[in-house]
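Beneath this line is the structure, given in structure tokens, with notes to follow.
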Number of protein chains: 2
Amino acid sequence: MSKVDVFLDHTAEWLRGGDADSNIVVSSRIRLARNIEGYPFIQRLKDDDRKEIIRLVSEALQKISQTRDLYYLQKADMSDLDLLFLVERHLISREHAAEQAEKAVAISPNEVMSMMVLEEDHLRIQAFQSGFQLMETWRIINQIDAELQKRMQFSFDPVLGYLTACPTNVGTGMRASCMLHLPSLVLTKQVHKVLQALSKLNLAARGLYGEGTQATGNFFQISNQMTLGQPEEEMIDNLVSVIRQIIEHEKEAQVYLKEQKQQKFLDQVWRALGTLKSARIISSVEAMQLLSLTQLGIQTGVIQSQISRQDLFALFLLIQPAHLQKLAGKPLSSAERDLYRADLVRERLRKLSL
Amino acid sequence: MSKVDVFLDHTAEWLRGGDADSNIVVSSRIRLARNIEGYPFIQRLKDDDRKEIIRLVSEALQKISQTRDLYYLQKADMSDLDLLFLVERHLISREHAAEQAEKAVAISPNEVMSMMVLEEDHLRIQAFQSGFQLMETWRIINQIDAELQKRMQFSFDPVLGYLTACPTNVGTGMRASCMLHLPSLVLTKQVHKVLQALSKLNLAARGLYGEGTQATGNFFQISNQMTLGQPEEEMIDNLVSVIRQIIEHEKEAQVYLKEQKQQKFLDQVWRALGTLKSARIISSVEAMQLLSLTQLGIQTGVIQSQISRQDLFALFLLIQPAHLQKLAGKPLSSAERDLYRADLVRERLRKLSL
């Protein structure tokens, strides 16, 4: 059994749901890029420096009450499958997974925090919350950052701010983002218009797994593009107010679908659920899309169900390749996964009386 | 209520099923083209002649014990919807439905016989049987033809045989056909190869509603192309032996799908049923295709069901546009039909515990 398997059997904090709009804003995330003073940036970092940085971060985290109980995973602890599993849970980035040199990650048991050591920067501090909780997420991460700074010196320039390996992160080193589920804007073909407007506001829209990934399952990650020139709270305020507007657009599109396109909407939603309950072979892309429509059906009351938000959103996670293989307890080829995924979805939906 | 509505509530003989292969050879049909001596062919027929022919045929049919109880429908008895309804039941041709001049049709209560008066020829005698029963169909129609000839003189040339309005029917005036349901040959992409070979054997393959229609729902009508140069029994023997081979091809394709493509096959079949049970909008083409796959699933034992062959094949008929409007008791637009069809299919499948 792998060390990371502990996360398979419990539910990530960000899946929990909570606030009224947590079907639309699924989760909030903030990461801070930090580098330790006195060491070169990652490109010129020697192997010994890498080990030293891992040790320094680990020691510092263990001295802070909020991060004392983090699971600490080093490169040797994680197989390729483990790494993919952590990517699927958004606990590490694809880049961190691909890194071949020494690296580490420290994750809190409830997955509220994840510290990537030796990703693009020496340290990437991440905090997650369920639903639309950017300010709370900021409060959590800011506190950890402050505690860490009592114990170690981060590279900082009085004019520029925090220094980072890539100039796009200089300043606050912060990327705040929300994961939005926007099936109605996709169905009404408005999503591109809405997302295109973001770049003018210095915001970026990405797919489910960040930069360069596709928007599968109608999930979109909205984040600040600029890290410089504004205090963190202002950046977050800006992001919050834009996301509030997107929530309203999605809600309006929901009403439009329900009222103006009623029969077509019912048809799309029920066919999606019908296919999930029937298919014997299903790809992750198709399953995500159909789960997204099923979720929209439940959210809008078209499909009557007592299923919890957590149980349904957990399915989006469980059907991913590494999660499937962890559940199966063995490696599965792509074709085998499509069979196993279909079985899993049918089984879960039956258990959830859907 | 229209006179034709009597057929809505009872089941056509050819739906009944019976022999082992009646899932593949759904029905057998033979029609004879006959013209009454002393009258010109239809192209030059005057209105008075038309009325006279209708009278002559009607009187003759009423004197024959086997045709005494036919429903006799004249042009004035049938709305456009009625005509389409009869086309959907294969009781009249599209050409006969479109005919604007005086015309008539006489149909037996169990739909074993249908006499089109003033279609392309003065009289088109038709007999239907369920399953693969071409010889029995021939026996029935030959007897009626003989009885009619005791009472009226058909245009006949000692060398050419029966004379017909179109030279392609001269000789026997016979077209024998079977309706084949070949989903496995379609799924395995072999159907075109199989059907292409038919033309070399002087046989033709057509869609569900005859000449120029599409093969919806994986139904194909196989018939003799030539009407001249052979006695009827030889033509039928030829057709029977070719259809026997097609049955074997379809069965081999079924085994291949079940054994070699098992998971893909299960997926296709269950998705088809799942969609039928979920859709709120469905076109007749899609419904036919999905019913075809569902039928194949039941036939191969993939879907366990006690549903009768008759109940399932009846659905193929009930979802057609005129049948839907008869069931609804009102005219329905194309969009309304797609809704009503989806409701009907879900309702019926639920009642049939599918």
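Every chain is numbered from 1 and lettered A, B, ... according to where its sequence line falls, protein lines coming before strand lines.
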Distance in Å, B:Asn23 CG paired with B:Leu296 CG, rounded so as to fall on 0.5 Å steps = 9.5 Å
Are the side chain of A:Arg89 and the backbone N or O of A:Phe7 linked by a donor-acceptor pair below 3.5 Å?
-> yes
Determine whether A:Lys326 and A:Ser2 make a side-chain contact, defined as any pair of heavy atoms from C-beta on separated by less than 4.5 Å.
-> yes
Proximity of residues 264-293 of chain A to chain B, residues having a non-hydrogen atom under 4.5 angstrom | A:Lys264, A:Leu266, A:Asp267, A:Trp270, A:Arg271, A:Gly274, A:Thr275, A:Ser278, A:Ala279, A:Arg280, A:Ile281, A:Ile282, A:Glu286
For the pair A:Arg244 and A:Glu248, find out whether any cationic side-chain nitrogen is under 4.0 Å from an anionic carboxylate oxygen.
-> no
Indicate yes or no for a side-chain donor-acceptor contact from B:Gln325 to the backbone of B:Leu332 under 3.5 Å, with no hydrogens or angles considered.
-> yes
Would you call A:Lys251-A:Asp21 a salt bridge at under 4.0 Å N-O?
-> yes
Test item: B:Asp343 side-chain N/O and B:Tyr340 main-chain N/O as donor-acceptor pair under 3.5 Å | no
d(A:Leu195 CG, A:Leu180 CG) to nearest 0.5 Å is 9.0 Å
Steps toward side-chain contact (heavy atoms from CB on, under 4.5 Å) verdict (B:Phe220, B:Leu185) = CA-CA 11 Å; B:Phe220 299 87; B:Leu185 286 176; over 6 Å; no
Of all the residues in residues 297-323 of chain A, which have a heavy atom that comes within less than 4.5 Å of a heavy atom in chain B?
-> none
